[in-house]
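Before any comments, here is the structure.
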Amino acid sequence: MHNSPQGRAFIRGKGITDGIWYTLCGVLVLLGIIARQPLLVVVGILLLLIIITTDIWSHYCLVDLRYQRKFSQQRALFGEDVTMSVTVENAKILPLPWLEVEDTLPRSLPLREQELRSAILSNNALLECLFSPRWYERVTRNYTLRCIQRGVHTFGPTRLHSGDAFGFIAQDQELDNLQHVMVYPLVAPLESFNLPARHPFGDQRAPRRLLEDPSRIIGVREYRYGDSMRRVHWKATARSMQMQSKIYDATTTYTLEVFLNIDTRPDVYYSIHPELQELSISLAASIASWGLDNGYGVGLYANTMMYIPDEKRADTSSSSTGQQEQPALNLEAEVAQQLNRRRIRLPASSNEEQRKHIMETLARIQGYFGASIDEVLQAESNRLPNGSTIILITSNLGDRIIDRLAQMRRRGHAISVLFVNDNPPPARVGGINVYHIGGEERWQELIAPFTPSNTAGEQEPVEPGAPRPLPAVPSLHL
């Protein structure tokens, strides 16, 4: 069996009939000839044909059978539809009377107008399809995924089940064809979170940093000692026969540093409250998108880790007893490297690539946390640009968090706390503005236009191009 990154597989089958049946048929035919009983001869020949047919199908039913799962896109915005194409190709002369395909799908991404069977003790669902491919025939079926859950969703494995036309013997084959679809968090206008559309975090009291934009050249001047060689204008230097340097246009920028606290109140099933977590992540994505649209440099920090499914674990099973110390050191170094990759720390930037990095990072956030948010604030406080605006998204405000924010405020940072909880927060904490975003009801209002009852046949059809009740921010281009 050979797997490709797109989920294609070539399956090889094995014959499973017993040779004793051929012996029995031969004995029947021989006895019919000796006893001069034509009926016994016919029965033996018919039984032999059935066994041969069964053996051929059981041996070759999964030979040169290709299964492929494709997606119209593997990165989608919240609320988008993604087309999943399932292709079965029977690349042999033997037709298949029946082929059952059982594909594993995430339950969080339902299919439009398609019933799925829930897997036992799992968050997955099973898509069951029945095919009857003829010789050298390719069959493709399209399904529509509704992306109404943020995260990295895993598809696969796939189980194939086929056999002879009589149903006597069947073969199974499981394909290790895992694929992933990333759904970005919901991005909504800031007014949806009870934040003002203009200056949502107060007046711009933070000092501006005057910068030079290398992409905007407005003139040349004589070369000065200390100028970078990248600044030298070589064409002007050749014309004037003297070293000339470029003059860049000055620009101003503000910096938003978003700190996300994944530490919500306990829940019986999930250890955390999923609605508050998703609301916090959606709020962070909306603020980052708004900031980048308005020319801010935006940074993102969180006290949790990212989910990276393509990482490979270290294989230490083959290490001998005398070499246990060295593999242990290698494993420790690899674990430290993977933890560093999973850390959520994106320094502020205002380019378009930053938008993609932030959205992918927020999509990969897992449902549990590591360090406390005050430790993250302390670790990053000395690295933040002077005068940057710090936005803390949290569902609790402990004394240690308040003390850490007060210290950062005394250093000249503008502080805003966005409180995600059903209960209202204190009006002001140590002179810091605290905004009450809301809790479960707020999240349900945000996702209401995308829920199955509003995206299936129960709602009135929407004219093409008509705005949704809660559209995503139009500038989110990833």
Side-chain angles (χ1 to χ4, degrees), residues 1-14 61-78 80-91 96 98-133 138-163 170-184 306-313 315 338 341-342 360 363-367:
M1 182 178 68
H2 172 70
N3 292 330
S4 71
Q6 290 76 22
R8 176 177 293 179
F10 298 84
I11 301 93
R12 299 297 175 186
K14 295 181 179 179
C61 62
L62 298 182
V63 172
D64 291 333
L65 181 64
R66 302 166 185 171
Y67 177 83
Q68 188 174 24
R69 183 198 317 113
K70 283 186 177 182
F71 300 95
S72 59
Q73 57 190 66
Q74 293 189 280
R75 284 173 168 79
L77 301 180
F78 192 98
E80 275 191 322
D81 288 343
V82 173
T83 301
M84 181 182 71
S85 300
V86 173
T87 301
V88 171
E89 182 179 358
N90 185 24
L96 296 183
W98 59 275
L99 171 66
E100 293 181 0
V101 178
E102 191 177 85
D103 208 347
T104 306
L105 276 61
R107 194 185 303 175
S108 54
L109 298 185
L111 298 180
R112 287 189 180 274
E113 301 178 356
Q114 180 70 34
E115 293 292 334
L116 299 178
R117 182 166 62 89
S118 298
I120 301 176
L121 301 178
S122 173
N123 289 327
N124 296 326
L126 300 178
L127 174 62
E128 297 174 329
C129 305
L130 183 63
F131 297 87
S132 297
R138 177 185 299 171
V139 181
T140 301
R141 295 179 183 176
N142 296 323
Y143 303 92
T144 302
L145 296 168
R146 291 186 285 125
C147 300
I148 56 175
Q149 177 65 49
R150 172 204 63 88
V152 179
H153 305 276
T154 303
F155 292 76
T158 304
R159 190 173 184 84
L160 304 179
H161 184 68
S162 184
Q171 288 205 66
D172 294 321
Q173 180 69 52
E174 184 171 296
L175 309 181
D176 188 15
N177 57 347
L178 299 182
Q179 291 176 280
H180 305 281
V181 172
M182 178 183 293
V183 179
Y184 294 115
M306 292 187 293
Y307 171 58
I308 305 178
D310 55 349
E311 287 186 345
K312 296 182 180 179
R313 298 181 179 178
D315 184 11
Q338 291 185 5
R341 287 182 59 196
R342 292 169 177 260
E360 289 192 357
R364 294 180 182 273
I365 284 183
Q366 301 182 97

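Both backbone and side-chain heavy atoms feed into the values below; hydrogens, waters and symmetry mates do not.
- A search for ring pair (Phe, Tyr, Trp, His ring centres under 6.0 Å) contacts involving Phe71 returns Phe155, not counting sequence neighbours.
- Contact between Arg112 and Asp81 at its shortest, heavy atoms only, is NE-OD2, 3.0 Å.
- Put simply, NZ on Lys70 and OG1 on Thr87 are 7.0 Å apart, with the number rounded to the nearest 0.5 Å.
- The distance from the OG1 atom of Thr140 to the CD atom of Gln68 is 8.5 Å, given to the nearest 0.5 Å.
- Between Asn124 and Pro106, the shortest heavy-atom contact is OD1-CA, 4.0 Å.
- Under the rule for a side chain to side chain donor-acceptor pair (under 3.5 Å), the partners of Thr158 that lie at least two apart in sequence or sit in another chain are Arg69, Asp103, Asn177.
- From Glu89, atom CD reaches atom OH of Tyr67 across 14.0 Å, with rounding to the nearest 0.5 Å.
- Using a distance-only test at 3.5 Å, with no hydrogens or angles considered, a donor-acceptor pair links the side chain of Arg150 to the main chain of Ile365.
- Leu65 places none of its side-chain heavy atoms less than 4.5 Å from the side chain of Gln173.
- Note: Ser162 OG to Leu62 CG = 5.5 Å, rounded to the nearest 0.5 Å.
- Between Ala170 and His161, the shortest heavy-atom distance links the atoms CB-CE1, 3.5 Å.
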Between Glu360 and Tyr184, does a side-chain contact (heavy atoms from CB on, under 4.5 Å) hold up when you go through it step by step? CA-CA 7 Å; Glu360 289 192 357; Tyr184 294 115; 3.6 Å; yes

Could you give me the CA-CA distance, side-chain angles and deciding distance for Leu96 and Phe131, then say whether side-chain contact (heavy atoms from CB on, under 4.5 Å) is met? CA-CA 8 Å; Leu96 296 183; Phe131 297 87; over 6 Å; no

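- Side chain of Ser72 to backbone of Val82: no donor-acceptor contact under 3.5 angstrom is found.
- Nearest heavy-atom pair across Thr104 and Pro157 is OG1-O, 3.0 Å.
- Note that CG of Leu105 and CG of Leu126 are 8.5 Å apart. Values are rounded to the nearest 0.5 Å.
- Judged as a side chain to side chain donor-acceptor pair (under 3.5 Å), and not counting sequence neighbours, Glu100 has no contacts.
- When every heavy atom of Met182 is checked against every heavy atom of Val152, the shortest pair comes out as CE-CG2, 4.1 Å.
- Here Arg141 pairs with nothing under the salt bridge (charged side-chain N to carboxylate O under 4.0 Å, His left out) rule; sequence neighbours left out.
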side-chain contact (heavy atoms from CB on, under 4.5 Å), that's the test. Do Glu174 and Asp172 meet it? Break it down for me. CA-CA 7 Å; Glu174 184 171 296; Asp172 294 321; over 6 Å; no

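- For the pair Glu102 and Arg159, the salt-bridge criterion is not met [side-chain N within less than 4.0 Å of a carboxylate O].
- Note that the OH atom of Tyr307 and the NE2 atom of His153 stand 10.5 Å from one another [nearest 0.5 Å].
- For the pair Thr154/His180, a side-chain contact is recorded, criterion being any heavy-atom separation below 4.5 Å from C-beta on.
- For the side chain to side chain donor-acceptor pair (under 3.5 Å) test, residues two or more places apart in sequence or in another chain that qualify with Gln73 are Glu80.
- Legend: residues meeting side chain to side chain donor-acceptor pair (under 3.5 Å) with Ser132, ordered by chain and number and at least two apart, are absent.
- Taking every heavy atom of both residues into account, Arg364 and Pro309 meet most closely at NH1-CD, 3.6 Å.
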Does the side-chain contact (heavy atoms from CB on, under 4.5 Å) test come out yes or no for Met84 and Leu127, once each step is laid out? CA-CA 12 Å; Met84 181 182 71; Leu127 174 62; 3.8 Å; yes

